[in-house]
Amino acid sequence: MSREDFIKVLNILKREFPRWDAPVVSLMAKRDKRTPYQILISTIISLRTKDQVTAEVSERLFRLADNPYDMLKIPEEKIAEAIYPAGFYRNKAKVIKEISGKIVKDFGGKVPDSIDELLKLKGVGRKTANLVVALGYGKPAICVDTHVHRISNRLGFVKTKTAEETEMALRKKVPREYWNEINDLFVAFGQTICKPVSPKCSECPVSSYCEKVGVKKHR
DNA sequence: AAAACGGGGGC
DNA sequence: GCCCCAGTTTT
């Protein structure tokens with residue numbers, strides 16, 4: 001797939017999903033009002049966890065503490081309790097405590113705004129770091145989750161093995177002005193139509209552009 | 001490159 | 001029962 005077609009696909013999806021109102025909305029609707037710290041914590045909670053659960057337990061946790069200083073005052077068990085039943089909730093409670101300490105100690109209480117510094121925080125990988133940069137600080141960043149990785153390859157726009165390779169490829173091939181839209185659009189698209197298995201190609205608005213790489217059963 | 005982390009919901 | 005979910009770390 002050419003760059004021109006990829007941009008066309010983005011624009012079509014933007015029309016199809018003008019306002020994404022799946023369960024994720026409870027988390028995402030408030031994201032513009034969130035601080036970078038809240039975005040970071042929510043994103044950590046979200047790993048391998050349903051959006052709705054992430055949204056609920058994030059709100060519960062932020063009522064106890066919405067900044068690293070307050071978070072350090074709460075016992076780890078209380079954090080775990082607040083974010084239950086998110087997956088890995090005990091481990092995440094430990095991570096939240098740890099990175100809050102590091103943010104206060106090494107970054108003056110402010111969440112870093114660069115990928116390199118964010119990656120120094122335990123439990124923060126490229127996906128999380130890019131999301132904080134994009135949503136927390138409004139800077140261009142390409143956030144590659146499973147949806148972005150799968151769909152970019154399925155379209156035939158990139159041919160990559162890992163999420164990091166996808167990120168680097170997209171960085172080269174997509175103009176910056178589109179970077180922050182890709183994740184949102186592909187998540188919405190990926191959860192409803194371009195699913196991991198048995199995607200609904202007959203209902204897909206960009207089917208004619210798609211090379212359907214690796215798609216076996218398509219409806 | 002693959003396993004481990006680890007709980008709930010859908011089918 | 002089995003598979004999946006806005007991933008990251010460890011082996």
Side-chain angles (χ1 to χ4, degrees), chain A residues 13 17 19-32 34 36-61 76-77 79-100 102 112 115-136 141-154 160-168 170 179-200 216-217 219:
Chain A
L13 292 180
F17 299 97
R19 199 148 75 79
W20 176 231
D21 57 358
V24 73
V25 79
S26 52
L27 173 64
M28 286 304 161
K30 294 179 181 166
R31 67 188 182 187
D32 290 339
R34 287 188 188 285
Y37 180 74
Q38 288 174 299
I39 294 193
L40 172 60
I41 299 301
S42 278
T43 307
I44 285 172
I45 294 172
S46 77
L47 86 85
R48 306 305 279 169
T49 300
K50 291 278 201 289
D51 292 345
Q52 188 162 357
V53 174
T54 301
E56 287 167 5
V57 304
S58 292
E59 295 308 322
R60 200 156 66 203
L61 178 61
E76 199 176 303
E77 311 88 72
I79 298 175
E81 194 179 309
I83 63 175
Y84 179 88
F88 312 119
Y89 67 98
R90 267 184 275 267
N91 193 44
K92 284 172 185 171
K94 191 190 301 173
V95 166
I96 289 170
K97 194 90 170 176
E98 268 185 42
I99 68 179
S100 297
K102 194 169 175 68
I115 302 292
D116 286 346
E117 287 183 318
L118 284 162
L119 289 175
K120 291 176 183 165
L121 300 171
K122 189 126 162 214
V124 175
R126 300 201 66 85
K127 185 257 175 179
T128 304
N130 276 294
L131 202 65
V132 170
V133 170
L135 299 187
I142 296 179
C143 176
V144 177
D145 57 26
T146 54
H147 293 293
V148 175
H149 181 58
R150 177 184 71 255
I151 296 171
S152 299
N153 276 282
R154 187 175 280 173
T160 51
K161 196 83 172 100
T162 66
E164 183 170 354
E165 290 172 41
T166 302
E167 184 191 324
M168 298 315 168
L170 292 178
W179 286 11
N180 289 9
E181 299 176 347
I182 296 173
N183 185 260
D184 248 11
L185 291 174
F186 281 12
V187 170
F189 181 45
Q191 289 183 343
T192 54
I193 294 172
C194 198
K195 299 181 179 186
V197 298
S198 301
K200 301 177 178 173
K216 297 187 177 84
K217 288 186 291 185
R219 298 177 184 167

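Residue numbering restarts at 1 for every chain, and letters A, B, ... go by the order of the sequence lines. From a predicted model like this one, the values you see are computed outputs, not experimental measurements.
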**Q** Which residue lies toward the 5' end of DNA chain C, Asp145(A) or Gly123(A), if each is placed at its nearest nucleotide?
**A**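 Here Asp145(A) is the residue nearer the 5' end.
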**Q** Just the rounded figure in Å: distance from P of dG7(B) to CD of Glu81(A).
**A**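 Whole-Å distance recorded here is 15 Å.
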**Q** Is there a Watson-Crick or G-U wobble partner for dG7(C) with both distances under 3.5 Å, and if so, which one is it?
**A**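 dG7(C) is paired with dC5(B).
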**Q** When you compare dC2(C) with dG6(B), how far apart are their P atoms, in angstrom units rounded to a whole number?
**A**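 Comparing P positions in dC2(C) and dG6(B) gives a spacing of 22 Å.
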**Q** Would you indicate, yes or no, if dT8(C) has its OP1 or OP2 atom less than 4.0 angstrom from a side-chain nitrogen or oxygen of Thr128(A)?
**A**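 Thr128(A) to dT8(C) OP1/OP2: side-chain N or O found under 4.0 Å.
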**Q** Under 3.5 Å, is there a donor-acceptor pair between the Thr166(A) and Thr160(A) side chains?
**A** yes
**Q** Counting side-chain heavy atoms from C-beta on, which of dT8(C), dG7(B), dG6(B) comes nearest to Arg48(A)?
**A** dG6(B)
**Q** Can you measure Ile45(A) atom CD1 to dT8(C) atom P for me and round it to whole angstrom units?
**A**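 Rounded to whole Å, this separation is 14 Å.
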**Q** Sticking with atom P, work out how far dA3(B) lies from dC3(C), rounded to a whole angstrom.
**A** 14 Å
**Q** Do the side chains of Arg126(A) and Glu165(A) get close enough for a salt bridge, i.e. N-O under 4.0 angstrom?
**A** no
**Q** For a quick check of understanding: with a heavy-atom distance under 4.0 Å over all strands, which category does Thr43(A) fall into, base, sugar-phosphate or nothing?
**A** nothing
**Q** What's Val124(A) touching, base or sugar-phosphate or nothing? Going by heavy atoms closer than 4.0 Å.
**A** sugar-phosphate
**Q** Can you tell me the distance, in whole Å, between the NZ atom of Lys92(A) and the P atom of dC5(C)?
**A** 15 Å
**Q** What is the distance from NZ of Lys195(A) to C1' of dC3(C), rounded to the nearest Å?
**A**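 In whole Å, dC3(C) C1' lies 14 Å from Lys195(A) NZ.
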**Q** Verify whether one side chain among Ser42(A) and Ser58(A) offers a donor that lies under 3.5 Å from an acceptor in the other.
**A** yes
**Q** Go through dT8(C), dT10(C), dG8(B) for me and flag the one nearest to the Lys122(A) side chain.
**A**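 Selected nucleotide: dT10(C).
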**Q** Tell me the interatomic distance from Glu98(A), atom CD, to dT9(C), atom P, rounded to whole angstroms.
**A**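 Value for this atom pair: 11 Å.
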**Q** At their closest point, which heavy atom of Arg154(A) faces which heavy atom of Pro196(A), and how far apart are they?
**A** NH2-O, 2.9 Å
**Q** Using the P atoms only, state how far dG8(B) lies from dT8(C), rounded to an integer number of Å.
**A** 23 Å
**Q** From NE2 of His149(A) over to P of dT8(C), roughly how many Å is that when rounded to an integer?
**A**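 Spelled out: NE2 on His149(A) to P on dT8(C) is 13 Å.
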**Q** Rounding to an integer number of Å, can you tell me how far Leu47(A) CG sits from dC4(C) C1'?
**A** 14 Å
**Q** Hey, does the side chain of Thr146(A) come within less than 4.0 Å of dG7(C)'s phosphate (OP1/OP2), counting only N and O?
**A**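 Yes, because at least one side-chain N or O of Thr146(A) sits under 4.0 Å from OP1 or OP2 of dG7(C).
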**Q** Starting from C1' on dG8(B), measure out to CD on Gln52(A) and report it in whole angstrom.
**A** 12 Å
**Q** To check you understand the geometry: which heavy-atom pair defines the closest contact between Ile99(A) and Lys122(A), and what is its length?
**A** CG2-O, 3.1 Å
**Q** What nucleotide among dG6(B), dG8(B), dG7(B) has an atom nearest to a side-chain atom of Lys50(A)?
**A**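 In terms of side-chain proximity for Lys50(A), the closest of dG6(B), dG8(B), dG7(B) is dG8(B).
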